[in-house]
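Quick notes on the structure that follows.
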Amino acid sequence: FSWQWIVKKKTIYRKYQRIFNKKHKNHKKYLWIKGEEGMKAKKYLWSIICVYMCYLTHGIQALILGQNNVNFAIQWGFDMSNPESAAYAAGLAAVSTAIAWTGFGKFISVWIGGEISDRVGRKKMMVGGAVLYIICFLGFLFTQNALIASVCGFLTGVATSGFWDAAGYPAVQEACPAAPGSALIGIKFFVSLSGMVYPLMVVQNASNGNWKMNVIIPLVMSFVCLALALIAPFVYDDQKKAAKGEANKDHNAIQDEINAAKAAMLQKPNKLVVFLIMFYAFLCMAIMYGAQQYTKAFGLSVCGLSEMQAAGMTSIYTVGSLCAVLFWAFMMGKLKWNPLKVILIDSICTAVALAAVLFIHQVAVIYIAITMLGFFAAGGALQTGLAVVQLFNPGPKGRNTGIYYTFMGAASYLIPVVAAQLTKASGEANAVYTLMIMLLVFAGLAILSSLYLVAQHKKIFGKSALSK
């Protein structure tokens, strides 16, 4: 009986083995896919470390002018002894102008950066961005001229969007194909990490009478970024020759994906829908950038907080954004929430948080509201909006990303310009209060836009965006 049982089992096994071999002629390949992806992640670990180090440095670059505004203004020759004087307002306006030029650099470089990265490779772009960062931080450290500082601000914008964003985002996905989403979350994590620590470091160094350490530290970090970029291997660069032969095949696969997405629509989105999904980048970035750059000034001049309490507002804002990255990654990745649903929730809660900051000047309430603002406005809302763009307007991802981030760049340029003009006209306290009201209006527009898109989603896809 036992021998008959064994022969029967072996016969069944061989039968199914023949079926499997027929369907999967290269089945041995499947057994090693996971191992190959793991080996790739190990081989290109230095490229992942390089990108994360660059964005840790970028997190400081995004805050350096706003957090050290008074000290920079003094270095550039403005009299900052009397906060009520016109000279003081002019100094703050000069800093805001330099911040605005950073946004302008992002605005004009985001379109072409991706195209150049695909042509010349990731390494050259990462190296170029690091070199520009070093030049700019040296400029911030030594220049006594506001115009030169603005030029440095412009170059940091180009370095960030035109070089690092264009090469860093795809580089980590290519180096970690088994979990590209997690690799991207790592970028947001390191930006948020530096945004959480740096404001407190600024206050500590300034109180010790050595505020220039706030510039020297990111300068040293930029040299580290350069060294890492020079030694790290990058997947795209190594596979560029091999990829040329597959170009037509890849193009056809991408076009098939776009056609399938369009075929799933019951009707074509109207022009207002296409505009609103792109315009959300402007609204989201305006709120996020304004809150990031001017919460400290708002706490000092409007809420009457101490220097450390006001710096703490920026750090708490960043903690909120850090928590949101992990939370929304779970909600959309595991629970499959529609990104439009996430945007609607983000917009409503952002408006509530801004209203609380504006009208309830109690330290505990302000801290809670700022945490909410970081969570809902800066916790991946901008990246979620890009997913909505691809949902309503399927097309080449590079083109959609370029248009979307151009709206983002417009906001990062406009907000500092408006802040500078308001500061010149009415002083810092009135300027930052007016700016926060403007951010609240933008949040209201984001809510209205999201509600309209939710209604259109039902018509276009035949189901509610809020159902899942």
Side-chain angles (χ1 to χ4, degrees), residues 114 169 173 179-182 184-185 188 250-288 324-352 375-408 411 442-468:
Y169 274 80
Q173 295 178 84
S182 299
L184 287 177
I185 287 175
K188 180 67 178 179
D250 292 343
H251 176 75
N252 292 335
I254 292 170
Q255 190 59 47
D256 289 343
E257 181 184 344
I258 293 170
N259 292 338
K262 290 181 178 179
M265 297 178 175
L266 301 178
Q267 65 181 51
K268 185 179 179 180
N270 60 48
K271 291 182 180 180
L272 180 58
V273 168
V274 176
F275 170 76
L276 289 177
I277 58 178
M278 297 297 183
F279 185 61
Y280 177 77
F282 176 89
L283 297 173
C284 182
M285 187 63 184
I287 295 169
M288 183 171 66
V325 168
L326 303 176
F327 176 79
W328 289 126
F330 173 78
M331 299 304 287
M332 288 188 290
K334 296 294 184 180
L335 301 186
K336 306 299 182 184
W337 273 27
N338 190 302
L340 184 54
K341 181 178 180 178
V342 175
I343 279 180
L344 178 59
I345 294 172
D346 280 342
S347 300
I348 294 171
C349 294
T350 295
V352 172
F375 190 97
F376 293 105
L382 192 66
Q383 291 78 9
T384 305
L386 186 56
V388 174
V389 169
Q390 201 63 25
L391 176 68
F392 279 98
N393 189 40
K397 289 184 173 67
R399 183 185 303 163
N400 277 344
T401 302
I403 297 171
Y404 184 77
Y405 277 99
T406 298
F407 277 89
M408 177 206 75
F442 287 158
L445 290 175
I447 293 172
L448 294 176
S449 298
S450 300
L451 289 172
Y452 177 77
L453 291 174
V454 167
Q456 289 297 309
H457 187 282
K458 179 74 173 178
K459 296 179 181 179
I460 295 169
F461 298 102
K463 58 182 179 181
S464 174
L466 306 181
S467 61
K468 195 171 186 180

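We number each residue from 1, following the sequence as shown. Values below: all heavy atoms of this structure, side chains included; hydrogens, waters and symmetry mates excluded.
Put simply, the side chain of Asn338 does not reach to within 4.5 Å of the side chain of Leu466, judged on heavy atoms. Inter-residue side-chain proximity for Phe376 and Val352 is flagged as unmet; no heavy-atom pair is nearer than 4.5 Å. Counting only heavy atoms from C-beta outward, the side chains of Gln456 and Leu272 never approach each other to under 4.5 Å.
Closest non-hydrogen pair, Lys458 versus Ser464, comes out as CD-N, 3.9 Å. Contact between Ala261 and Pro394 at its shortest, heavy atoms only, is CB-CB, 3.6 Å. The two residues Leu340 and Ala465 make their nearest non-hydrogen contact at CD2-CB, 3.9 Å. Taking all atoms of both residues into account, the shortest heavy-atom contact from Ala381 to Asp346 is CB-OD2, 3.6 Å. Ser450 and Leu344 make their closest contact through CB-CD1, 3.7 Å (heavy atoms, listed as atom of the first residue, atom of the second, distance). Shown here for Ile343 and Gly385, the closest heavy-atom pair between the two residues is CD1-CA, 3.5 Å.
One N or O on the side chain of Tyr404 and one on the backbone of Leu382 form a donor-acceptor pair closer than 3.5 Å.
Phe461 and His457 have tilted rings, their planes meeting at an angle from 30° to 60° on a 0 to 90° scale.
Once rounded to the nearest 0.5 Å, the distance linking CZ of Phe442 with OG of Ser449 reads 11.5 Å. Atom OG1 of Thr350 sits about 11.0 Å away from atom CD1 of Ile345, to the nearest 0.5 Å. Separation of atoms CD1 (Ile277) and OH (Tyr452) is listed at 11.5 Å; rounding is to 0.5 Å.
For Phe407 and Tyr280, the distance between ring centers is not under 6.0 angstrom.
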